[in-house]
Amino acid sequence: MKLLVIGGGGREHALAWRLAQSPRVQKVYVAPGNGGTATEHGLENVPLEGVGPLVAFAKREGIQLTVVGPEGPLAAGVVDAFRDAGLKIFGPSRAAAQLETSKDYAKRFMARHRIPTARYASFERSAEAKAYVREHGAPIVVKADGLAAGKGVVVAASVAQAEAAIDAMLLEHRLGEAGERVVIEEFLEGEEVSFIVMSDGVHALPLATSQDHKRLRDADEGPNTGGMGACSPAPIVTPELHARIMREIVLPAVAGMAKDGVPYVGFLYAGLMIDKSGAPRTLEFNCRLGDPETQPIIMRLKSDLLELIEHALAGTLERAEAQWDRRAALGVVLAAEGYPDNPRKGDPIEGLPKPAEDCRVFHAGTRLEGKALVTNGGRVLCVTALGDSVRMARSRAYQALEPIRFSGMQYRSDIGHRALKRGAPA
Ligand code: AMP
Ligand code: GLY
């Protein structure tokens with residue numbers, strides 16, 4: 001079989017690498033891919049962008065299955081276009097992807113189907129939004145309605161900060177169309193968890209739990225990023241909490257989408273806040289796998305990913321079982337100088353360790369320049385390792401990244417800190 005993975009980040013490198021290991025897979029094309037997918041055995045990059053060229057390529061090459069990594073192509077309707085052309089593709093339709101592409105849609109959906117989330121209101125006029133903020137006080141969270149590449153959420157510590165965020169979005173149009181409507185939300189305290197499932201429209205198969213580290217610097221300080229590292233499992237998710245998340249959030253979401261006439265097929269990511277009493281609430285839905293959560297999750301996945309996806313497309317996920325490595329996995333992101341605001345590109349990368357059974361470097365912002373590997377984006381690499389405990393996975397990952405060098409490289413030295421505080425992995 002020939003497959004196609006759409007995207008070019010660390011998530012897509014991990015997905016394509018895993019898919020290529022399926023005994024029935026001959027080749028996995030990655031569009032556009034990166035410096036890592038360019039050299040990985042069984043993978044080949046194709047420099048394609050836009051829905052039309054992707055459909056044309058899949059037809060021409062006889063691609064039997066396409067898997068979509070990022071939200072952009074989903075929002076552009078790539079799944080609808082492939083299906084219309086009679087091509088197999090795994091991901092939600094453009095309508096179903098609204099769970100991520102419109103926060104207002106997601107909040108109304110959660111209210112309608114009684115899925116626990118923060119209280120909210122949405123606004124298009126700055127004066128009304130500010131009045132709401134003054135009424136409720138800080139801390140409070142201001143979110144752009146649309147996709148804003150991680151820049152759309154402001155957790156405001158003061159009313160003034162919230163008002164400034166509202167003005168930036170609604171009056172100054174700093175986020176363009178994405179910020180023409182804002183959702184203002186109650187601030188939730190607790191510990192964040194990424195809970196990702198595969199859905200076939202009716203059933204949901206949970207993947208291993210994980211935890212992201214969104215802030216740039218150690219101790220969760222500095223600006224928000226796409227994610228500076230992740231580990232799996234998330235020990236806070238006990239078997240009881242796992243069952244509760246499925247019962248209160250995931251299954252009602254899958255059933256709710258079906259009931260609303262937009263069945264959800266694809267990876268579904270629930271970003272959750274677990275409060276002190278252990279109650280889960282939904283911060284957001286993403287219509288895709290997380291990046292960097294995918295890297296440690298994929299390291300732990302022992303089942304054939306292609307088979308799982310085939311079950312999801314056939315509507316038989318209730319018959320599928322995902323087997324996980326009992327070891328923990330942890331990935332540390334190495335980011336470029338200037339990330340997240342203004343990452344520098346073109347710095348030569350040296351000292352990459354050879355892949356091992358328990359450690360791999362997934363590429364994101366890299367590209368080949370002749371034979372040399374250079375940086376090509378904000379998050380450059382994700383060094384991901386397995387270990388008998390989170391602590392051991394963490395030392396293995398940090399040991400493996402030791403020889404890696406590029407000018408301006410920045411990374412966090414405390415990935416896994418929350419999991420470690422909780423002790424043994426769940
Ligand atoms: P989102 O894109 O909605 O997940 O927001 C990005 C990040 O902002 C989340 O990962 C949280 O760290 C934080 N966040 C979002 N909503 C809230 C909330 N209601 N309360 C506290 N923190 C939040
Ligand atoms: N790491 C967070 C995300 O993929 O949205």
Side-chain angles (χ1 to χ4, degrees), residues 7 9-12 14-15 68-72 74 97 99-107 110 116-122 133 136 138-157 161-162 165 175 178-179 182-196 207 209-216 220-232 234 267-276 280-298 331-333 335 340 362 364 378-379 382 384 412 415 418:
R11 166 183 50 209
E12 288 78 29
L15 269 176
V68 191
E71 64 280 15
L74 295 167
L99 270 188
E100 172 169 3
T101 60
S102 166
K103 300 235 184 238
D104 183 50
Y105 175 94
K107 295 300 283 193
M110 286 188 266
T117 185
R119 270 175 312 183
Y120 83 107
S122 56
V133 162
H136 286 81
I140 195 159
V141 184
V142 180
K143 300 185 175 185
D145 176 48
L147 287 181
K151 296 204 161 71
V153 176
V154 176
V155 179
Q161 205 188 341
L175 298 176
V182 298
V183 164
I184 299 185
E185 212 176 74
E186 168 196 8
F187 173 78
L188 297 179
E189 260 178 290
E191 186 169 330
E192 280 185 67
V193 166
S194 305
F195 198 95
I196 308 174
L207 303 183
T209 59
S210 58
Q211 255 172 332
D212 188 12
H213 298 65
K214 290 215 164 111
R215 302 294 200 96
L216 181 67
D220 298 319
E221 285 175 4
N224 248 321
T225 71
M228 292 297 290
C231 65
S232 172
F267 294 106
L268 177 62
Y269 169 137
L272 306 177
M273 188 69 93
I274 314 300
D275 75 11
K276 270 206 201 87
R281 280 197 281 177
T282 313
L283 290 176
E284 62 167 346
F285 284 115
N286 292 320
C287 57
R288 50 174 175 79
L289 285 162
D291 190 340
E293 290 96 322
T294 301
Q295 291 84 315
I297 289 175
I298 284 286
V332 182
V333 168
F362 295 112
R379 291 187 290 174
C382 181
T384 312
R412 279 180 61 160
I415 300 302
R418 284 187 224 96

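Order of listing sets the numbers, starting from 1, for every ligand and every atom in it. Residue numbers start at 1 and run along the sequence shown.
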Taking the side chain as every heavy atom from C-beta outward, state whether [X] and [Y] have any atom pair closer than 4.5 Å.
{"X": "T117", "Y": "R281", "answer": "no"}
{"X": "K214", "Y": "E192", "answer": "yes"}
{"X": "Y269", "Y": "E100", "answer": "no"}
{"X": "L207", "Y": "F195", "answer": "no"}

| request: Identify the residue among I196, L99, L289 that makes a side-chain contact (heavy atoms from CB on, under 4.5 Å) with L268. | output: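 The passing option is L99.
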What atoms of ligand 1 come within less than 4.0 Å of a heavy atom belonging to [X]?
{"X": "E185", "answer": "16 (N), 17 (C), 18 (C), 19 (N)"}
{"X": "K103", "answer": "1 (P), 2 (O), 3 (O)"}
{"X": "F187", "answer": "20 (N), 21 (C)"}

So, does [X] use its side chain to make a donor-acceptor pair with the main chain of [Y] at under 3.5 Å?
{"X": "H213", "Y": "G229", "value": "yes"}
{"X": "R288", "Y": "A97", "value": "no"}
{"X": "D220", "Y": "R215", "value": "no"}

| Chi angles and distances behind the salt bridge (Lys or Arg N to Asp or Glu O under 4.0 Å) call for R119, E185 | CA-CA 6 Å; R119 270 175 312 183; E185 212 176 74; over 6 Å; no
| field | Contact residues of ligand 2, where a non-hydrogen atom lies under 4.0 Å away | value |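 Protein residues near ligand 2 are D212, K214, G226, Y269, N286, R288, G290, D291, P292, E293.
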Who's the nearest protein heavy-atom neighbour of [atom], and how far?
{"atom": "atom 5 (O) of ligand 1", "result": "V153 CG2, 3.4 Å"}
{"atom": "atom 20 (N) of ligand 1", "result": "L188 N, 2.8 Å"}
{"atom": "atom 2 (O) of ligand 1", "result": "E284 OE1, 3.1 Å"}
{"atom": "atom 10 (O) of ligand 1", "result": "E192 OE1, 2.6 Å"}

| query | What heavy-atom pair brings A14 and T294 nearest, and what distance separates the two atoms? | reply |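 The pair with the smallest heavy-atom distance is CB-CG2, 4.3 Å.
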Location of contacts on [X] toward ligand 1, heavy atoms closer than 4.0 Å:
{"X": "L283", "answer": "both"}
{"X": "K214", "answer": "side chain"}
{"X": "V141", "answer": "side chain"}

| message | Counting only nitrogen or oxygen atoms and a 3.5 angstrom limit, does A118 reach ligand 1? | response |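 No; every N/O pair is 3.5 Å or more apart.
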| query | Taking only residues two or more places apart in sequence or in another chain, which ones pass side chain to side chain contact (heavy atoms under 4.5 Å, CB included) with A138? | reply |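 Expected list: V159.
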| request: Using heavy-atom distances, let me know which of L272, V183, D212, V155 sits nearest atom 14 (N) of ligand 1. | output: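 The nearest heavy atom belongs to V155.
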